[in-house]
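Everything on this sheet refers to the single structure shown next.
Every heavy atom of this structure was used, including side-chain atoms; hydrogens, water molecules and symmetry mates were not.
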Amino acid sequence: MVMVFVDADGCPVVNETISIAKQFKLPCTLICDTAHEMHREGAETIIVSKGADAVDFVLVNKVQKGDIVVTQDYGLAAMVLAKQGHPIDQNGRLYTNENIDQLLFARHTAQKIRMAGGRLRGPKKRSKENNERFKEKFRELCKLLLSPTD
């Protein structure tokens with residue numbers, strides 16, 4: 001059975017994810033640390049101790065082939081892909097074997113610029129359109145994974 005996992009620390013689409021997972025009768029698990037503790041009806045919550053990448057490691061150890069993971073973390077997305085899961089970000093972008101290397105390289109480059117004292121623009125303010133695109137793409141992914149194969 002396909003499971004849905006949410007890297008819930010700072011995730012802006014937790015409620016949307018739970019609602020759509022419920023429509024497809026998919027179990028949903030939120031994983032967060034003690035600094036971002038949350039509980040939502042319709043989802044199991046796993047709380048881990050605060051620490052760098054603590055949520056990521058718990059999540060990647062739970063994910064199985066075919067599971068969906070909602071995350072904005074490129075490193076976690078890469079680990080999910082390695083386990084043949086389906087990572088999607090909060091804006092509906094699917095992470096794939098075709099785009100993950102470029103995303104990781106861009107993150108690495110940005111990190112080097114910041115460490116050298118440079119400044120980069122932050123992300124744009126979240127819009128209603130971001131949420132709508134996420135819901136549309138997440139629904140499409142659920143339909144794709146649950147449709148019978150020939």
- Message: Rounded to the nearest 0.5 Å, what separates atom CE in M79 from atom CG in D73?
- Response: 7.0 Å

- Item | Carboxylate-amine/guanidinium proximity below 4.0 Å for E140 and K143 | no

- If you take all heavy atoms of F5 and V63, which pair is closest and at what distance? CE1-CA, 4.0 Å

- Query: Do side-chain atoms of D53 reach the backbone of D56 as a donor and acceptor pair under 3.5 angstrom?
  - Reply: no

- Note on the structure: Between Q72 and G10 the two heavy atoms that sit nearest each other are NE2-O, 3.4 Å

- Under the salt bridge (charged side-chain N to carboxylate O under 4.0 Å, His left out) rule, what pairs show up with a residue in residues 5-27, not counting sequence neighbours? none

- Any donor-acceptor pair under 3.5 Å from N61 side chain to V58 backbone: no

- Audit row: T71, V80, side chain to side chain contact (heavy atoms under 4.5 Å, CB included) steps and yes/no: CA-CA 10 Å; T71 184; V80 170; 5.8 Å; no

- Message: I'd like to check L26 versus L146 (side-chain heavy atoms, cut-off strictly below 4.5 Å). Are they in contact?
- Response: yes

- Message: What verdict does the side chain to side chain contact (heavy atoms under 4.5 Å, CB included) test give for R40 and V14, after you've listed the backbone C-alpha separation in whole Å, the side-chain angles of each residue and the deciding distance to 0.1 Å?
- Response: CA-CA 9 Å; R40 298 287 192 283; V14 170; 4.0 Å; yes

- Task: Of all the heavy-atom pairs spanning A43 and I18, show the shortest one and how long it is.
- Result: CB-CD1, 3.8 Å

- Determine the minimum heavy-atom distance between C32 and E37, stating which atoms define it. SG-CA, 3.8 Å

- Message: Can you confirm whether I46 sits close enough to E44 that some side-chain heavy atom of one is under 4.5 Å from a side-chain heavy atom of the other?
- Response: yes

- Message: With a 3.5 Å distance limit and no angle check, can you tell me whether S19 reaches the backbone of N15 through a side-chain donor-acceptor pair?
- Response: no

- How about V6 and C28: do any of their side-chain heavy atoms sit closer than 4.5 Å? yes

- Item | Residue pair D33 / H36, side-chain heavy-atom distance below 4.5 Å | yes

- Does a donor on one side chain sit under 3.5 Å from an acceptor on the other, for H39 and E41? no

- Hey, could you give me the CG/NE2 distance between D67 and H86, rounded to the nearest 0.5 Å? 8.5 Å

- Query: Is any side-chain heavy atom of T29 less than 4.5 Å from a side-chain heavy atom of K62?
  - Reply: no

- Message: Main chain of Y95, side chain of Y74: is a donor-acceptor contact present, judged purely on distance under 3.5 Å?
- Response: no

- Message: What I'd like to find out is whether the side chain of K135 reaches to under 4.5 Å of the side chain of I20, using heavy atoms alone.
- Response: yes

- Query: Going hydrophobic residue to hydrophobic residue with side-chain gaps under 4.5 angstrom, can you get from V70 over to I47?
  - Reply: no

- Apply side chain to side chain contact (heavy atoms under 4.5 Å, CB included) to the pair V2 and Q64, showing each step before the final yes or no. CA-CA 8 Å; V2 174; Q64 301 287 314; over 6 Å; no

- Query: Tell me the salt bridge (charged side-chain N to carboxylate O under 4.0 Å, His left out) pairs involving residues 79-88, sequence neighbours left out?
  - Reply: none

- Can you check whether V13 reaches F138 side chain to side chain, under 4.5 Å on heavy atoms? no

- CG-OG1 distance between L94 and T96, expressed to the nearest 0.5 angstrom: 8.0 Å

- Roughly how far apart are M38 CE and C11 SG, rounded to 0.5 Å? 7.5 Å

- Do side-chain atoms of T45 reach the backbone of L30 as a donor and acceptor pair under 3.5 angstrom? no

- Message: Any donor-acceptor pair under 3.5 Å linking the side-chain atoms of N99 with those of R93?
- Response: no

- Query: Hey, are the side chains of M1 and P27 touching, using non-hydrogen atoms and a 4.5 Å cut-off?
  - Reply: yes

- Quick one: pull up CZ in F134 and CD1 in I88 and give me the separation to the nearest 0.5 Å. 5.5 Å

